[in-house]
Participant: 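Quick one: this structure, given as structure tokens, is what I'll be asking you about.
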Amino acid sequence: MGKEKNQLNHLAIIMDGNGRWARKRHKPRVFGHKEGMNNVERITLAADKLGIKVLTLYAFSTENWARPKEEVAYLMNLPVKFFDKFMPTLMKNNVKVNIMGYLDHLPKATYDVVKKAMSETAQNTGLVLNFAFNYGSRKEIVSAAQEISKLVKEGKLEIDQITENTISNHLMTAKFGEYQDPDLLIRTSGEQRISNFLLWQIAYSELAFSEKAWPDFTEDDLNQFVENYQTRNRRFGKVNESDS
Ligand code: IPE
Ligand code: IPE
Ligand code: MG
């Protein structure tokens, strides 16, 4: 019996392994971040070709501030470099940029450049390229709880009106509507953990892990992961007709 392929609307990637990639080549860790940045362009265009609607890339976590000062400074400057280099390509491909995270805590130059990237691409209607930057999922859930509590306190919401949708609607992914939860989450570099990424949103995401470091992860690799995803049996807790 021919089964329909799973639709892939929202792909999320934990881009891990830049530092080790560079150290293996006897280069400083930031060399890996630079190569990782260049790979973002390649994988964005590949995701666009696949008809993906939202591509969420984990670029900096709320825990990454604990890294050496120089590395943090380099990572904070990467958006400046990235948009300087790739904005024409993003515009040409109708890509809409979103940055999801605690943006108020970014250095001013970084804040300005990410805001500018969002406003410059706001009218684009193609792939949404969503960077998680200074993002942490537990913090995001705490913020949602605070916002919802405020509504209750102000008498705008009853406690028993709080549903799963109320929580979802107060997360940073709410703006993606029907595509807010990733269908597939890929992590590179061989680590098999979530590292505080989209904890609520991945309740029913398919998970996949690549041994390759992020700078080595190619369009072919992506296509293979997507093909594998398309044939998986997503049950969402139900029993499939063919298994009953
Ligand atoms: C991912 O690569 C990029 C960020 C977390 C900013 P890493 O910098 O974590 O590289 P590894 O995991 O140490 O190799
Ligand atoms: C997760 O990678 C964060 C990003 C890819 C931005 P980390 O390298 O920070 O995660 P851990 O420390 O290995 O869990
Ligand atoms: Mg890492």
Participant: Any pair with a residue in residues 131-147 that passes salt bridge (Lys or Arg N to Asp or Glu O under 4.0 Å), sequence neighbours left out, goes on the list, sorted by first then second residue, please.
Facilitator: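 Passing the test, one end in residues 131-147: no pairs.
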
Participant: Counting N and O atoms only, with roles assigned by atom type, does the side chain of Gln161 sit under 3.5 Å from a partner on the main chain of Glu158, one being a donor and the other an acceptor?
Facilitator: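 A pair under 3.5 Å: yes.
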
Participant: Any salt bridge between Lys49 and Glu219, counting N to O under 4.0 Å?
Facilitator: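 Looking at Lys49 and Glu219, the cut-off is met.
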
Participant: If we ignore angles and hydrogens, is there a donor and acceptor under 3.5 Å between the side chains of Asn165 and Ser168?
Facilitator: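 Per modelled atom types, Asn165 and Ser168 side chains form no pair under 3.5 Å.
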
Participant: Not counting sequence neighbours, which residues clear ring-ring contact (aromatic ring centres under 6.0 Å, His included) with Phe83? List them please.
Facilitator: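 Expected list: none.
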
Participant: Should the pair Arg25 and Trp21 be classed as cation-pi, given the thresholds of under 6.0 Å to the six-membered ring centre and 45° from the axis?
Facilitator: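 Yes, Arg25 lies over the aromatic ring of Trp21.
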
Participant: Do side-chain atoms of Thr188 reach the backbone of Ala213 as a donor and acceptor pair under 3.5 angstrom?
Facilitator: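 No: the side chain of Thr188 does not pair with the backbone of Ala213.
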
Participant: Glu120 vs Met87, test: side-chain contact (heavy atoms from CB on, under 4.5 Å). Steps then yes/no.
Facilitator: CA-CA 9 Å; Glu120 276 181 14; Met87 190 46 98; 3.5 Å; yes

Participant: Identify the two heavy atoms, one from Leu171 and one from Ala144, that lie closest to each other, and give their separation to 0.1 Å.
Facilitator: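 Heavy atoms of Leu171 and Ala144 come nearest at CD2-CB, 4.0 Å.
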
Participant: Under a 3.5 Å distance rule, please check whether Thr110 uses its side chain to pair with a backbone N or O of Leu106 as donor and acceptor.
Facilitator: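 Answer holds: no.
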
Participant: Check whether any side-chain heavy atom of Met172 lies under 4.5 Å from a side-chain heavy atom of Tyr102, and answer yes or no.
Facilitator: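 Yes - at least one pair of side-chain heavy atoms lies under 4.5 Å apart.
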
Participant: Can you tell which of Asp181, Thr56, Asn130 makes a side-chain hydrogen bond (donor to acceptor under 3.5 Å, both in side chains) with His10?
Facilitator: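 Considering Asp181, Thr56, Asn130, a side-chain hydrogen bond (donor to acceptor under 3.5 Å, both in side chains) with His10 is found only for Thr56.
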
Participant: Salt bridge (Lys or Arg N to Asp or Glu O under 4.0 Å), that's the test. Do Glu35 and Arg42 meet it? Break it down for me.
Facilitator: CA-CA 11 Å; Glu35 207 38 53; Arg42 296 191 282 267; 3.6 Å; yes

Participant: Answer yes or no: is there a side-chain heavy-atom contact under 4.5 Å between Phe31 and Tyr74?
Facilitator: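 No, every pair of side-chain atoms sits at 4.5 Å or beyond.
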
Participant: Could you pull out all residues at least two apart from Asn233 that satisfy side-chain hydrogen bond (donor to acceptor under 3.5 Å, both in side chains)?
Facilitator: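 Residues passing side-chain hydrogen bond (donor to acceptor under 3.5 Å, both in side chains) with Asn233: Asn240.
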
Participant: Cut-off 3.5 Å, side chains only: do Thr125 and Asn94 have a donor facing an acceptor?
Facilitator: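 Short answer, yes.
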
Participant: State yes or no: do Ile141 and Ile162 share one hydrophobic cluster built from I, L, V, M, F, W and Y residues joined by side-chain heavy-atom distances below 4.5 Å, directly or via other members?
Facilitator: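 Yes, Ile141 connects to Ile162 through the hydrophobic network.
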
Participant: Of Ile186, Asp183, Ile43, which is the lone residue that meets side-chain contact (heavy atoms from CB on, under 4.5 Å) with Leu11?
Facilitator: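 Result: among Ile186, Asp183, Ile43, Ile186 is the only option passing the side-chain contact (heavy atoms from CB on, under 4.5 Å) with Leu11.
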
Participant: Taking the side chain as C-beta and beyond, is there a heavy-atom pair between Phe86 and Asn38 under 4.5 Å?
Facilitator: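 Heavy-atom side-chain distance check passes, below 4.5 Å.
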
Participant: More than 12 heavy atoms of other residues, nucleotides or ligands under 6.0 Å from NZ of Lys81: is that the case?
Facilitator: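 Correct, the count exceeds 12.
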
Participant: Is there a path of hydrophobic side-chain contacts, each under 4.5 Å between heavy atoms of I/L/V/M/F/W/Y residues, joining Leu199 to Phe60?
Facilitator: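 No; Leu199 is not reachable from Phe60 via cluster members.
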
Participant: Evaluate the side-chain proximity of Pro215 to Asn39: yes if any heavy-atom separation is below 4.5 Å, no if none is.
Facilitator: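 The answer is no, as the side chains (C-beta and beyond) never meet within the 4.5 Å cut-off.
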
Participant: Going by atom types only, do Asn228 and Arg232 share a side-chain donor-acceptor pair under 3.5 Å?
Facilitator: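 There is such a pair between these side chains.
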
Participant: Does the Asp16 side chain pair with the main chain of Arg187, one donor and one acceptor, at a distance under 3.5 Å?
Facilitator: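 Pair absent, no side-chain N/O of Asp16 close to backbone of Arg187.
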
Participant: Are Ile167 and Leu157 co-members of a hydrophobic cluster defined by side-chain heavy atoms under 4.5 Å apart?
Facilitator: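 They do share one cluster, since a chain of ILVMFWY contacts under 4.5 Å joins Leu157 to Ile167.
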
Participant: Which atom names give the shortest non-hydrogen contact between Ser205 and Pro182, and what distance separates them?
Facilitator: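 In terms of heavy atoms, the two residues are closest at OG-O, 2.7 Å.
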
Participant: Would you call Asn124 and Met91 a side-chain contact if the rule is heavy atoms closer than 4.5 Å?
Facilitator: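 Side chain of Asn124 against side chain of Met91, heavy atoms only: contact under 4.5 Å found.
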
Participant: For Glu154, is there an ion pair with Lys150 - N to carboxylate O distance below 4.0 angstrom?
Facilitator: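 Yes, this pair counts.
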
Participant: Quick check: does any side chain N or O of Asp48 sit under 3.5 Å from a backbone N or O of Val95, one acting as donor and the other as acceptor?
Facilitator: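 No.
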
Participant: For Leu50, which of Leu127, Leu8, Asn223 qualifies under side-chain contact (heavy atoms from CB on, under 4.5 Å)?
Facilitator: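 Of the listed options, the one satisfying the test is Asn223.
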
Participant: Any chance the rings of Phe82 and Phe131 have centres within less than 6.0 Å?
Facilitator: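 For Phe82 and Phe131, the ring centres are under 6.0 Å apart.
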
Participant: Set out, in order, the CA-CA distance, both residues' side-chain angles and the distance that settles side-chain contact (heavy atoms from CB on, under 4.5 Å) for Thr121 and Leu129, then state yes or no.
Facilitator: CA-CA 10 Å; Thr121 61; Leu129 174 58; over 6 Å; no

Participant: Kindly give the heavy-atom pair with the smallest separation between Ala117 and Val97, and that separation in Å.
Facilitator: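 Looking at all heavy atoms of both residues, the closest pair is O-CB, 4.0 Å.
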
Participant: Would you say Asp221's side chain and Thr218's backbone share a donor-acceptor pair under 3.5 angstrom?
Facilitator: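 Yes, Asp221 side chain to Thr218 backbone: donor-acceptor pair under 3.5 Å.
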
Participant: Donor-acceptor pair, Asn93 side chain versus Thr89 backbone, under 3.5 Å?
Facilitator: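 Confirmed, Asn93 side chain pairs with Thr89 backbone.
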
Participant: Do the ring planes of Tyr135 and Tyr58 sit parallel (below 30°), tilted (30 to 60°) or perpendicular (above 60°)?
Facilitator: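 If you compare the ring of Tyr135 with that of Tyr58, the planes turn out perpendicular.
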
Participant: Charged N to carboxylate O under 4.0 angstrom, Asp112 versus Lys116?
Facilitator: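 Not counted as a salt bridge, because no side-chain N and carboxylate O are separated by less than 4.0 Å.
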
Participant: Any salt bridge between Arg235 and Glu206, counting N to O under 4.0 Å?
Facilitator: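 Salt bridge between Arg235 and Glu206, a charged N being under 4.0 Å from a carboxylate O: no.
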
Participant: Contact between Phe176 and Lys53 at the side-chain level, heavy atoms closer than 4.5 Å - yes or no?
Facilitator: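 No, side chains not in contact.
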
Participant: Indicate yes or no: at least one non-hydrogen side-chain atom of Leu57 is less than 4.5 angstrom from one of Val40.
Facilitator: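 Yes, their side chains come closer than 4.5 Å.
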
Participant: What are the two closest non-hydrogen atoms of Pro107 and Met76, and how far apart are they?
Facilitator: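 Heavy atoms only, the tightest pair is CD-SD, 3.5 Å.
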
Participant: Do Arg234 and Tyr229 pair up side chain to side chain, a donor and an acceptor below 3.5 Å, judged on atom types alone?
Facilitator: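 Yes - a donor-acceptor pair under 3.5 Å links their side chains.
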
Participant: Determine, using the 4.5 Å side-chain heavy-atom cutoff (strictly less than), whether Met100 and Leu78 are members of one ILVMFWY cluster.
Facilitator: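 No: no chain of side-chain contacts under 4.5 Å links Met100 to Leu78.
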
Participant: Side-chain heavy atoms under 4.5 angstrom apart, residues restricted to Ile, Leu, Val, Met, Phe, Trp, Tyr: same cluster for Val80 and Met37?
Facilitator: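 Shared cluster, yes.
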
Participant: If the threshold is 4.0 Å, N to carboxylate O, is there a salt bridge linking Glu191 and Arg20?
Facilitator: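 Salt bridge between Glu191 and Arg20, a charged N being under 4.0 Å from a carboxylate O: yes.
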
Participant: Any chance you could lay out the side-chain contact (heavy atoms from CB on, under 4.5 Å) test for Thr62 and Asn134, step after step, and finish with the verdict?
Facilitator: CA-CA 5 Å; Thr62 46; Asn134 195 20; 3.6 Å; yes

Participant: To the nearest 0.5 Å, what is the distance between CD1 on Ile159 and OG1 on Thr166?
Facilitator: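 Ile159 atom CD1 to Thr166 atom OG1 measures 12.0 Å (nearest 0.5 Å).
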
Participant: Yes or no on side-chain contact (heavy atoms from CB on, under 4.5 Å) for Asn98 and Lys175, after CA distance, side-chain angles and deciding distance?
Facilitator: CA-CA 10 Å; Asn98 186 67; Lys175 61 170 76 161; 2.6 Å; yes

Participant: Starting at OG1 of Thr231, measure out to CD of Glu4 and round the result to the nearest 0.5 Å.
Facilitator: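 Atom-to-atom, Thr231:OG1 and Glu4:CD are 14.0 Å apart.
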
Participant: For the residue pair Gly32 and Ala22, what are the closest heavy atoms and their distance?
Facilitator: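 Residues Gly32 and Ala22, closest heavy atoms: N-CB, 3.4 Å.
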
Participant: Does any non-hydrogen side-chain atom of Phe197 lie less than 4.5 Å from one of Ser61?
Facilitator: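 Counting from C-beta outward, Ser61 and Phe197 never come under 4.5 Å.
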
Participant: Looking only at heavy atoms, which two atoms of Gly136 and Asn196 are closest? And how far apart?
Facilitator: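 Between these two residues, the closest heavy atoms are CA-ND2, 3.6 Å.
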
